[in-house]
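Take a look at the structure below.
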Amino acid sequence: TVVTFCYNPLKDGRKDAFIKNLESVQIQTGVLLEHLIIDGASTDGTIDFLTAYSNTQYDIRIMSKSDTGIYEAMNRGIALSQGKYVIFLNTDDYYHCPDGIARSVKVLEENDCSFTFSPINPIGPHTQHSPHRNPQRRLHKFFLFCTLPHPSMLFRRTALVETDGYDETYRLAADYDMMLRMVSEGHKACFVNCCFATFLASGFSQQNRELNVMEKARIGRNFHNKVFGTKLTDTEA
């Protein structure tokens with residue numbers, strides 16, 4: 001299941017990007033998949049646009065209901081997904097390689113992993129030296145900040161359910177929190193040497209960097225307290 005979450009993308013002038021997203025899912029090869037759209041009760045014609053979209057090799061399912069933010073939408077995607085595996089693809093993001101998901105499934109199955117991670121192509125200002133381009137070289141930074149972007153990560157659905165998904169009390173850094181919980185609970189990750197996704201690196205978290213840093217500090221403090229018994233202050237975190 002490819003999960004895409006959105007709210008009024010047409011109103012925000014992202015129709016062309018959304019079409020690119022949809023088409024990049026439809027051209028994936030070597031897998032049987034569904035594209036699950038979790039819409040936050042858009043009022044800009046998004047549902048009519050999606051309903052009329054005809055370039056479909058794979059099923060597109062739409063769930064439209066108001067939500068409190070990104071992570072509630074992602075948790076709904078997990079709950080509603082019918083696939084054995086789940087991967088999240090933002091509205092503005094797309095796959096530039098048609099066999100990326102299939103290659104990730106192969107590595108995951110052969111190595112009995114809970115999730116895979118891959119390089120990703122970020123577009124936007126100041127992305128030339130982004131750690132997302134070579135995440136396997138930045139794993140020593142993993143416990144300081146999450147180096148793994150979710151558009152290039154394939155999860156076993158059972159692993160997401162066992163980890164209780166995303167903590168919706170966070171607005172920006174729940175993915176970092178979930179990754180630390182998965183690792184601390186013994187879930188295994190495997191690297192896939194295939195850059196197959198492009199993502200826009202100027203989204204909500206980039207526009208709210210101070211809040212993002214504060215949430216990650218809180219998560220890091222809680223993680224160190226739990227795993228290492230090290231009680232950090234907010235300033236130390």
Does any part of the side chain of C194, heavy atoms only, come nearer than 4.5 Å to the side chain of V107, both counted from C-beta? no
Between T4 and L89, is there a donor-acceptor pair closer than 3.5 Å when you use the side chain of the first and the backbone of the second? yes
Taking the six-membered ring for Trp, are F88 and F155 parallel (under 30°), tilted (30 to 60°) or perpendicular (over 60°)? perpendicular
Listing, residues 177-184 side-chain donor-acceptor contacts under 3.5 Å, not counting sequence neighbours, or none:
| unit_1 | atom_1 | unit_2 | atom_2 | d |
| --- | --- | --- | --- | --- |
| D177 | OD2 | R181 | NE | 3.0 |
| D177 | OD2 | R181 | NH2 | 3.2 |
| R181 | NH1 | T163 | O | 2.4 |
| R181 | NH2 | G165 | O | 2.7 |
| S184 | OG | L180 | O | 3.1 |
| S184 | OG | R181 | O | 3.0 |

Is a side-chain N or O of E34 found less than 3.5 angstrom from the main chain of Y58, in a donor-acceptor match? no
Stepwise side-chain contact (heavy atoms from CB on, under 4.5 Å) test for E72 and F5: CA-CA 10 Å; E72 182 178 359; F5 42 92; over 6 Å; no
Considering only heavy atoms from C-beta outward, does the side chain of F199 approach that of D92 to under 4.5 Å? no
Are the side chains of L108 and V105 in touch, meaning some heavy atoms are under 4.5 Å apart? no
Taking S66 for the side chain and A41 for the main chain, is one N or O donor matched with an acceptor at less than 3.5 Å? no
Between R171 and E215, is the closest basic N to carboxylate O distance under 4.0 Å? no
Between N8 (side chain) and K11 (backbone), is there a donor-acceptor pair under 3.5 Å? no
Residues passing the disulfide (SG to SG under 2.5 Å) test with C6, sequence neighbours excluded, are none
Taking the side chain as C-beta and beyond, is there a heavy-atom pair between H35 and N21 under 4.5 Å? yes
Heavy-atom check, side chain of F115 versus side chain of S104, under 4.5 Å: no
Taking salt bridge (charged side-chain N to carboxylate O under 4.0 Å, His left out) as the definition, give me every residue that meets it alongside D93, ordered by chain and number, with sequence neighbours left out. none
Got R218 and T169 here, is their nearest side-chain heavy-atom distance under 4.5 Å? yes
Would you call D12 and D44 a side-chain contact if the rule is heavy atoms closer than 4.5 Å? no
Could D112 and R156 be called an ion pair, given the rule that one side-chain N must be under 4.0 Å from one carboxylate O? yes
Side-chain heavy-atom pair N193, R103 within 4.5 angstrom cut-off: no
When the ring planes of F18 and F49 are compared, do they come out parallel, tilted or perpendicular, using 30° and 60° as the limits? tilted
How are the rings of F228 and H224 set relative to one another: parallel (under 30°), tilted (30 to 60°) or perpendicular (over 60°)? tilted
